[in-house]
Amino acid sequence: MGQNPTGGLLSVQRRKEIYAICQRFDVLIVEDDPYWYLQYPSANSFSRLSDDDATTRKSSGFPFLDSLVPSYLSVDTDGRVIRLDTFSKTVAPGCRLGWVTAQPKVIERILRITESSTQQPSGFVQAMVAELIVGPQGSEDDGRGGNKDGSGWKADGWVRWLEGLRTQYEKRMNTMCDILEEGRDVLRMGRRGSLSALTLDDEVDSRRESDEWAVIETSRMYDFVR
Ligand SMILES: Cc1ncc(COP(=O)(O)O)c(C=O)c1O
């Protein structure tokens, strides 16, 4: 959904069309979507749900999550979507800890493969993320969760964190775009007629005016959609 590196998003309509093709040819969809939580509001408005979809969609209970363009899971009627999520982009890079959402038969196969290969993600990272989100386990546990008082974030805090993170990234993106926009025009300077094709009016002008006249031409190199 959040294409790397373009940041492009597939609209719900486009996703439905792709899903229909996968149904026709019996193809599974692996939705590897680590940036889902970091969608910018501008992307949401581009990929907005139709009014019908928006009213039938089940709420997550979190307005922030509901505002994001929904996953392929939301259009999956056959159990052909395998969704991969990760903490790597939202807690710490290199966490290498995530979760899979899919129909039970697929999950059972993945479990068997995992048992005979990687076995499980790093135990240290599991403990760290569990403490951050769930918080210390009982009075004997002297660990600290993500909240200031040492309790765990729980689902509310996790979603609040994601929303704040998205805002931070958006601010950085806007700062970067502002800086790049300052240099997006290339200026060329020269004698009239030496830069680009002249219009008829320009030709008349240039014949009338001195050869000493110099012109400055501006070419825009790029634009951003924010
Ligand atoms: C497309 C994609 N999927 C998933 C991940 C995250 O993977 P992991 O959870 O193994 O760190 C990344 C990050 O590098 C990625 O670029």
Side-chain angles (χ1 to χ4, degrees), residues 1-12 14-19 21-22 27-44 46-47 60 62 64-65 67-76 79-104 106-135 143 145-146 152-155 157-174 176-177 224-226:
M1 181 175 307
Q3 284 289 333
N4 187 3
T6 66
L9 269 170
L10 282 181
S11 67
V12 177
R14 182 86 178 122
R15 229 158 311 146
K16 283 183 178 169
E17 288 162 8
I18 292 173
Y19 188 82
I21 294 171
C22 292
V27 173
L28 290 176
I29 297 174
V30 179
E31 186 179 30
D32 179 18
D33 201 9
Y35 300 103
W36 187 68
Y37 304 96
L38 304 175
Q39 293 168 38
Y40 299 135
S42 52
N44 299 351
F46 154 74
S47 313
S60 66
F62 296 101
F64 170 67
L65 296 182
S67 76
L68 303 178
V69 177
S71 138
Y72 267 105
L73 287 171
S74 69
V75 296
D76 186 15
R80 64 177 64 251
V81 174
I82 302 166
R83 185 180 162 85
L84 311 180
D85 284 279
T86 179
F87 289 108
S88 279
K89 311 295 180 192
T90 49
V91 168
C95 269
R96 315 308 307 270
L97 177 67
W99 64 100
V100 183
T101 312
Q103 56 140 310
V106 172
I107 294 290
E108 194 269 341
R109 290 289 87 194
I110 294 174
L111 192 59
R112 297 286 96 83
I113 294 168
T114 310
E115 280 169 353
S116 57
S117 56
T118 57
Q119 303 200 337
Q120 58 170 306
S122 151
F124 172 71
V125 175
Q126 287 187 63
M128 192 196 79
V129 172
E131 194 150 284
L132 184 72
I133 297 176
V134 181
W153 274 339
K154 309 288 187 297
W158 167 235
V159 174
R160 227 178 12 254
W161 167 259
L162 293 169
E163 198 168 356
L165 200 60
R166 196 264 305 258
T167 306
Q168 276 299 319
Y169 274 121
E170 192 173 25
K171 270 192 197 154
R172 290 186 204 178
M173 175 196 70
N174 282 328
M176 189 182 77
C177 288
F224 296 111
V225 178
R226 302 196 201 186

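Both counts, for ligands and for their atoms, begin at 1 and track the order of listing.
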Problem - Check: Trp36 side chain, Val69 main-chain N or O, donor-acceptor pair, under 3.5 Å - result: yes
Practice task
Please write down residue, atom name and distance for the protein heavy atom closest to atom 14 (O) of ligand 1.
Solution key: Lys89 NZ, 2.8 Å
Handout entry: Gln126 side-chain N/O to Leu97 backbone N/O, donor-acceptor pair under 3.5 Å
Key = no
Exercise for the section: Decide whether the shortest distance between a heavy atom of Gly98 and an atom of ligand 1 is less than 4.0 Å. Expected result: no
Problem - Protein contact of atom 11 (O) of ligand 1 - nearest heavy atom, named by residue and atom, plus distance - result: Ser88 OG, 2.5 Å
Problem - Side-chain donor/acceptor of Arg166 to backbone N/O of Gln39, under 3.5 Å - result: yes
Exercise for the section: Considering only non-hydrogen protein atoms, determine which one is nearest to atom 10 (O) of ligand 1 and report residue, atom name and distance to 0.1 Å. Expected result: Arg96 NE, 2.8 Å
Problem - Lys154 side chain vs Ile133 backbone, donor-acceptor pair below 3.5 Å - result: no
Exercise for the section: Output yes when Glu17 and Arg14 qualify as a salt bridge under the 4.0 Å nitrogen-oxygen rule, no when they do not. Expected result: yes
Problem - Proximal candidate to atom 4 (C) of ligand 1 [heavy atom criterion; set Thr86, Leu97, Asp85, Asp32] - result: Asp32
Fill in the blank from the handout: the protein heavy atom lying closest to atom 15 (C) of ligand 1 turns out to be Pro34 CG, 3.8 Å
